[in-house]
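Hydrogens, waters and symmetry mates play no part in the numbers below; they use all other heavy atoms, side chains included. Please read these numbers as outputs of a predicted model, since none were measured by experiment.
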Amino acid sequence: MAVLLAFALLGLPGCSQDKAPPSSFVLLDGSQVTTAQLKGKVSLVNFWATSCTSCVAEMPELVSTYNKFKDRGYETLAVAMRYDPPSYVVNFAQSRQLPFKVAIDNTGAVAREWGDVQLTPTTFLVNKRGEIVKRFVGTPDFAELHRLIEKLLAET
């Protein structure tokens, strides 16, 4: 029973078409992207930290996923947690040549807006209408994620 309750509280099975919260992400170059600007694309918003071994381990898969779908209206936004030193995030993004947008949530406001994200990695998949379709806590099942992205990209 406690396990079922934990899954319900964490929302592991997914989200029921909740709207993505209105957020403003500060990218490494100082520019900003808003949730509204992601509408019309299938977007993956990944909360991570350089100190999180699972986050670091899943990054090559996030890069591969981005490269596979980017030309079809897919966007990835990696949001570093507020406790992650900006210099570490910049170094990580540059040394691994991350091809997608990387933001730093230096106040923790974005993590709070997205359901008070505490655990990393936490990943949200958002459809073209700006609705959260799935939330993954921990490393996603990438085969499942790819099937879901394919389905969402096919929607009009």
| message | So for atom NZ, which belongs to Lys39, do other residues, nucleotides or ligands contribute more than 12 heavy atoms lying within a distance under 6.0 Å? | response | no

| task | Take Val89 and Leu28 through the side-chain contact (heavy atoms from CB on, under 4.5 Å) test and state the conclusion after the steps. | result | CA-CA 8 Å; Val89 177; Leu28 294 183; 3.9 Å; yes

Are [X] and [Y] linked, directly or through other ILVMFWY residues, by side chains that come within less than 4.5 angstrom of each other?
X      : Y      : answer
Val79  : Tyr88  : no
Leu153 : Phe142 : yes
Val26  : Val45  : no

[X] side chain to [Y] backbone, donor-acceptor under 3.5 Å:
X      : Y      : value
Asp105 : Ala111 : yes
Thr122 : Val117 : no
Ser64  : Pro60  : no
Ser31  : Leu27  : no
Asn127 : Leu152 : no

To check you understand the geometry: which heavy-atom pair defines the closest contact between [X] and [Y], and what is its length?
X      : Y     : value
Val110 : Ser24 : CG2-O, 3.6 Å
Asp84  : Ser51 : OD1-N, 4.5 Å
Asn67  : Pro99 : OD1-CG, 3.9 Å
Thr34  : Gln37 : N-OE1, 2.7 Å

| remark: Contacts satisfying salt bridge (Lys or Arg N to Asp or Glu O under 4.0 Å) that involve residues 142-156 (not counting sequence neighbours) are Arg72-Glu150, Arg129-Glu155, Lys134-Glu144

| task | May I have all residue pairs that pass salt bridge (Lys or Arg N to Asp or Glu O under 4.0 Å) and include part of residues 88-102, sequence neighbours excluded? | result | Glu75-Lys101

| request: Indicate yes or no: at least one non-hydrogen side-chain atom of Glu131 is less than 4.5 angstrom from one of Asp18. | output: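 Heavy-atom side-chain distance check fails, nothing below 4.5 Å.
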
| request: Name all residues meeting the ring pair (Phe, Tyr, Trp, His ring centres under 6.0 Å) criterion together with Phe69; count only those two or more places apart in sequence or in a different chain, and write none if there are none. | output: Tyr74, His146

| message | Parallel, tilted or perpendicular, judged at 30° and 60°: which one describes the rings of Phe47 and Phe124? | response | perpendicular

| task | Decide yes or no on side-chain contact (heavy atoms from CB on, under 4.5 Å) for Val42 and Leu148, but give the supporting numbers first. | result | CA-CA 10 Å; Val42 174; Leu148 197 47; over 6 Å; no

